[in-house]
Amino acid sequence: WKALPTGVLPLAVIFVPEPNRDAVAEVEELEEIARVRRLCLAGQLFYLGAPRTLNVMVDLMRAGIDITVQKENQTAGLLSRILNLVQTQDQERYRVLVVEDSRVAAALIQRALSQHGIDSEFIADPTTLLEALEQYRPDVVLMDMYMPHCNGVEATRALRQLESYQATPIIYLSSETDVALQVEALRLGGDRFLTKPFNPVLLASTVRTTIERHREMQRASRHDGLTGLLNHTAVKTELDALI
């Protein structure tokens, strides 16, 4: 890592400590990690062979390390992380379905998402939710709590009855400030709760983080951790879809 390439900065930088070392995170090493972090703001920094020690891991992360790979899982762990990183870079844009009866509120939400590179579609009538999900295939649903015909909690409970949407992340976005009602809404199928008026940066960050974690969980359930290939169940599903 002493000399970063010029021009296009790397997608990842892997720090490999000297062999047979029991302790890591010496001052000079942390300073070097911090220097690389300043030069490579968008890349992922890996530290290979880190001990399973909380204070050492925290020191490394404070210096700029994104991911520590422990000694006992060094080869498989690193390969799995790199494969995940490459696949994340190649994935299509994030998609959000906004279920909101107020067109003004929906426009504000879509503008906030668009400014952070997130695609979205909007429906005002929750009775068309299933059709919109089938056509748009969103990563996340942003659900208003109070709408005509049925409220957001009822729509969420209905979705959770369908196997295809049992794991789809649903974020409530509502002016409801009663904590008890918020907790009940989460208990009945929601994943997160944001209150209106919303902060655009917080909204986009919450949506992005939720999608990233959901996609990672999907990938882990479908791919072998070592090779990155589809596992047995995923292969059968893909073959059925193709046939």
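This is a predicted model, so every value here is computed, not measured.
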Could you state the interatomic distance from [atom1] ([X]) to [atom2] ([Y]), rounded to the nearest 0.5 Å?
{"X": "Leu54", "Y": "Asp59", "atom1": "CG", "atom2": "CG", "result": "9.5 Å"}
{"X": "Asp144", "Y": "Ser175", "atom1": "CG", "atom2": "OG", "result": "7.5 Å"}
{"X": "Thr68", "Y": "Leu45", "atom1": "OG1", "atom2": "CG", "result": "12.0 Å"}
{"X": "Thr233", "Y": "Glu238", "atom1": "OG1", "atom2": "CD", "result": "12.0 Å"}
{"X": "His149", "Y": "Leu129", "atom1": "NE2", "atom2": "CG", "result": "13.0 Å"}
{"X": "Ser174", "Y": "Leu142", "atom1": "OG", "atom2": "CG", "result": "12.0 Å"}

Open item on the list: Show, in sequence, the C-alpha distance, side-chain angles and deciding distance for Glu154 and Asn151, and conclude whether the side-chain contact (heavy atoms from CB on, under 4.5 Å) test is met.
Closed with: CA-CA 5 Å; Glu154 292 171 332; Asn151 62 43; 3.2 Å; yes
- [ ] Begin with the C-alpha distance, continue with both residues' side-chain angles, and end with the deciding distance and a verdict on side-chain contact (heavy atoms from CB on, under 4.5 Å) for Asp191 and His214.
- [x] CA-CA 11 Å; Asp191 296 286; His214 181 61; over 6 Å; no
Do [X] and [Y] have side chains that approach each other closer than 4.5 Å (heavy atoms only, starting at C-beta)?
{"X": "Phe15", "Y": "Leu60", "result": "no"}
{"X": "Thr168", "Y": "Leu159", "result": "no"}
{"X": "Leu194", "Y": "Ile171", "result": "yes"}
{"X": "Val153", "Y": "Met145", "result": "yes"}

Task: Partners passing side-chain contact (heavy atoms from CB on, under 4.5 Å) against Thr195 (at least two apart in sequence or in another chain) - done: Gln182, Phe193
Task: N-O pairing of Arg103 and Glu100 below 4.0 Å - done: no
Open item on the list: Does this structure show an ion pair linking Arg93 with Asp139, if we count only N-O contacts that are shorter than 4.0 Å?
Closed with: no
Open item on the list: So, applying side-chain contact (heavy atoms from CB on, under 4.5 Å) with Glu32, which one of Glu29, Arg35, Glu28 is it?
Closed with: Arg35
TODO: Could you point out which residue of Val96, Val98, Leu133 forms a side-chain contact (heavy atoms from CB on, under 4.5 Å) with Val141?
DONE: Leu133
- [ ] Report, as yes or no, whether the 6.0 Å neighbourhood of atom CZ on Arg157 holds more than 12 heavy atoms from other residues, nucleotides or ligands.
- [x] no
Open item on the list: Looking at Glu163, I want to see if its CD is surrounded by more than 12 non-hydrogen atoms of other residues, nucleotides or ligands under 6.0 Å.
Closed with: no
TODO: For side-chain contact (heavy atoms from CB on, under 4.5 Å), just list the numbers for Ile109 and Phe198, CA-CA rounded to whole Å, side-chain angles, deciding distance to a tenth of an Å, and then say yes or no.
DONE: CA-CA 9 Å; Ile109 294 168; Phe198 61 87; 3.6 Å; yes
Task: Set of residues satisfying side chain to side chain donor-acceptor pair (under 3.5 Å) with respect to Gln115, sequence neighbours excluded - done: none
TODO: Walk me through it: do Leu162 and Leu130 pass the test side-chain contact (heavy atoms from CB on, under 4.5 Å)?
DONE: CA-CA 10 Å; Leu162 305 176; Leu130 293 181; 3.6 Å; yes
Open item on the list: Could you tell me if Thr127 and Asp125 have a donor-acceptor pair between their side chains, going purely by distance under 3.5 Å?
Closed with: yes
